[in-house]
Asks: 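Below is the structure I would like to discuss, written out as structure tokens.
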Amino acid sequence: MKNIKRFRILVMGRANAGKTTILQRVCNSTDKPEIFDGKGNKLPCLMVSEVHIEAEYFQRGYHNIQHELVFQSNPGFVFHDSCGFEAGSTQQFDQMKHFVADHAVTTRVNERIHAIWFCIPMTDSHRTVTAAEQKFFNECDTGHVVPVIVLVTKVDALHLDAIQELQDEGIEIEQTEEIISEKQGELHEKWLGHVKHKLDMCKFPPKGYIPLQKMHQEGADCTPLMDCTAKFLNEEGLQRLLISTQQSSIGICVKYAVNK
């Protein structure tokens, strides 16, 4: 375990699920990550007709799962990003499945993935669990080695849903932020329960669920995400590596130091 230098995470989910923003918050950065190939070579930042290729890489979901994403602000984390599954490509799914199977148990310890974050956004609240996501949790067994944690992202989007539902119910919403907040909380519990119900019935359900909101704000609190991830790691050495790498909270460092 002492030979493992960096904590490696596979980030999955649809395009526009807020994946890049979450990674920026985790690494305390507003920059895009640098991109490396599987051999550690930095990929050049190309310009074609004044269109930034790296920008399109993130905005349009042109991802190679083998590529390593590293933020200069915290190079202790290495991220891999899968293609958005809404494309429905069997080839993409098979590539992802092979990557997970290989990197979960590889003897090359510094290439092993330690956790998978699967992002499901609340912006698509009427289809929170798609057939593609159920396919992943029914077919991809990471065993007890790599925990899969569902990140329920963009919870803030339920604010507008709450307003719409209140208006549909004929409730005046002017100067009633408290009522809107209460309705938003109800929707949050409803859809989180729906996600859990659907995925917990799958053959290989996720280990945990963590709702995330306000991730678009600099300085957003990532402590719950770090705590949840550490909780499901099956090796104490990996827990120490994650806690020492994260920059979100001194409190979580103290917590694990006391517990251990």
Asks: Apply ring pair (Phe, Tyr, Trp, His ring centres under 6.0 Å) to F232 and list each qualifying residue two or more places apart in sequence or on a separate chain.
Replies: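 F232 satisfies ring pair (Phe, Tyr, Trp, His ring centres under 6.0 Å) with no other residue.
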Asks: When you group the ILVMFWY residues by side-chain heavy-atom contacts below 4.5 Å and let the links chain together, are V78 and L225 in the same group?
Replies: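 No, it is not one cluster - the side chains of L225 and V78 are not joined through contacts under 4.5 Å.
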Asks: Quick one: which of V150, V155, T128, V152 gives a side chain to side chain contact (heavy atoms under 4.5 Å, CB included) with L192?
Replies: V152
Asks: Is a side-chain donor or acceptor of H80 paired with a backbone partner of V11 at a separation under 3.5 angstrom?
Replies: no
Asks: Please round to the nearest 0.5 Å and tell me the distance separating atom CD1 of I243 and atom CD of E236.
Replies: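 The CD1 atom of I243 sits 11.5 Å away from the CD atom of E236.
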Asks: In chain order, what residues pass the ring pair (Phe, Tyr, Trp, His ring centres under 6.0 Å) check against F137, with sequence neighbours excluded?
Replies: F118
Asks: Find the distance between CG (L158) and CD (Q164) and round it off to the nearest 0.5 Å.
Replies: 13.5 Å
Asks: Not counting sequence neighbours, which residues clear side chain to side chain donor-acceptor pair (under 3.5 Å) with E139? List them please.
Replies: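 Side chain to side chain donor-acceptor pair (under 3.5 Å) list for E139, sorted by chain: K135.
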Asks: Just jot down the side chain to side chain donor-acceptor pair (under 3.5 Å) partners of H114, sequence neighbours excluded, or say none.
Replies: none
Asks: Which residues satisfy the side chain to side chain donor-acceptor pair (under 3.5 Å) test with Q184, sequence neighbours excluded?
Replies: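 Result, side chain to side chain donor-acceptor pair (under 3.5 Å) vs Q184: H159.
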Asks: Taking M215's backbone N and O only, do any of them form a donor-acceptor pair with T21's side chain (distance below 3.5 Å, no angle check)?
Replies: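 No.
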Asks: Looking at E218, I want to see if its CD is surrounded by more than 12 non-hydrogen atoms of other residues, nucleotides or ligands under 6.0 Å.
Replies: no
Asks: Please report the interatomic distance NZ(K198) to CD1(I120), rounded to the nearest 0.5 Å.
Replies: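 The CD1 atom of I120 is 12.0 Å from NZ of K198, to the nearest 0.5 Å.
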Asks: Mind checking what makes salt bridge (charged side-chain N to carboxylate O under 4.0 Å, His left out) contact with K214, not counting sequence neighbours?
Replies: none
Asks: Can you tell me how far CG of L69 sits from CD of E34, rounded to the nearest 0.5 angstrom?
Replies: 10.5 Å
Asks: Heavy-atom distance under 4.5 Å between the side chains of P147 and T142, does that happen here?
Replies: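 They are not in contact (no side-chain heavy atoms under 4.5 Å apart), so the answer is no.
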Asks: Please tell me whether I4 and F36 are part of a single hydrophobic cluster in this structure, the criterion being side-chain heavy atoms less than 4.5 Å apart.
Replies: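 Hydrophobic grouping puts I4 apart from F36.
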Asks: What is the distance from atom CD1 of I65 to atom CZ of F99, rounded to the nearest 0.5 Å?
Replies: 5.0 Å
Asks: Suppose the criterion is salt bridge (charged side-chain N to carboxylate O under 4.0 Å, His left out): which pairs have a residue in residues 104-121, not counting sequence neighbours?
Replies: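 Only D102-R108, R108-E111 qualify under salt bridge (charged side-chain N to carboxylate O under 4.0 Å, His left out).
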Asks: Roughly how far, to the nearest 0.5 Å, is the CD1 atom of I22 from the NZ atom of K19?
Replies: 9.5 Å
Asks: Among residues at least two apart in sequence or on other chains, which ones pass side-chain contact (heavy atoms from CB on, under 4.5 Å) with P75?
Replies: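 Applying side-chain contact (heavy atoms from CB on, under 4.5 Å) to P75 gives V70.
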Asks: Could you work out, with side-chain contact (heavy atoms from CB on, under 4.5 Å) as the rule, every residue matching N28, not counting sequence neighbours?
Replies: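 side-chain contact (heavy atoms from CB on, under 4.5 Å) check on N28 returns Q247.
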Asks: For a 4.5 angstrom cut-off between non-hydrogen side-chain atoms, does P211 reach H188?
Replies: yes
Asks: According to the ring pair (Phe, Tyr, Trp, His ring centres under 6.0 Å) rule, which pairs have a member within residues 189-211, sequence neighbours left out?
Replies: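 Only H126-W191, W191-H194 qualify under ring pair (Phe, Tyr, Trp, His ring centres under 6.0 Å).
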Asks: Any side-chain heavy-atom pair from R25 and T30 closer than 4.5 angstrom?
Replies: yes
Asks: Does the side chain of P121 come within less than 4.5 Å of R14's, by heavy atoms?
Replies: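 A side-chain contact under 4.5 Å exists here.
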Asks: Do any pairs count as a salt bridge (charged side-chain N to carboxylate O under 4.0 Å, His left out) and have a residue in residues 147-168, sequence neighbours left out, and if so which ones?
Replies: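 For residues 147-168: E165-K183.
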Asks: Considering residues at least two apart in sequence or located in another chain, which fulfil the side chain to side chain donor-acceptor pair (under 3.5 Å) criterion with T130?
Replies: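 With sequence neighbours excluded, T130 shows a side chain to side chain donor-acceptor pair (under 3.5 Å) to E133, given in chain and number order.
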Asks: Can any side-chain N or O of N138 pair as donor or acceptor with the backbone N or O of K203 at less than 3.5 Å?
Replies: yes
Asks: Please determine whether a side-chain nitrogen of the Lys or Arg among K190 and E186 lies less than 4.0 Å from a carboxylate oxygen of the Asp or Glu.
Replies: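 No, this pair does not count.
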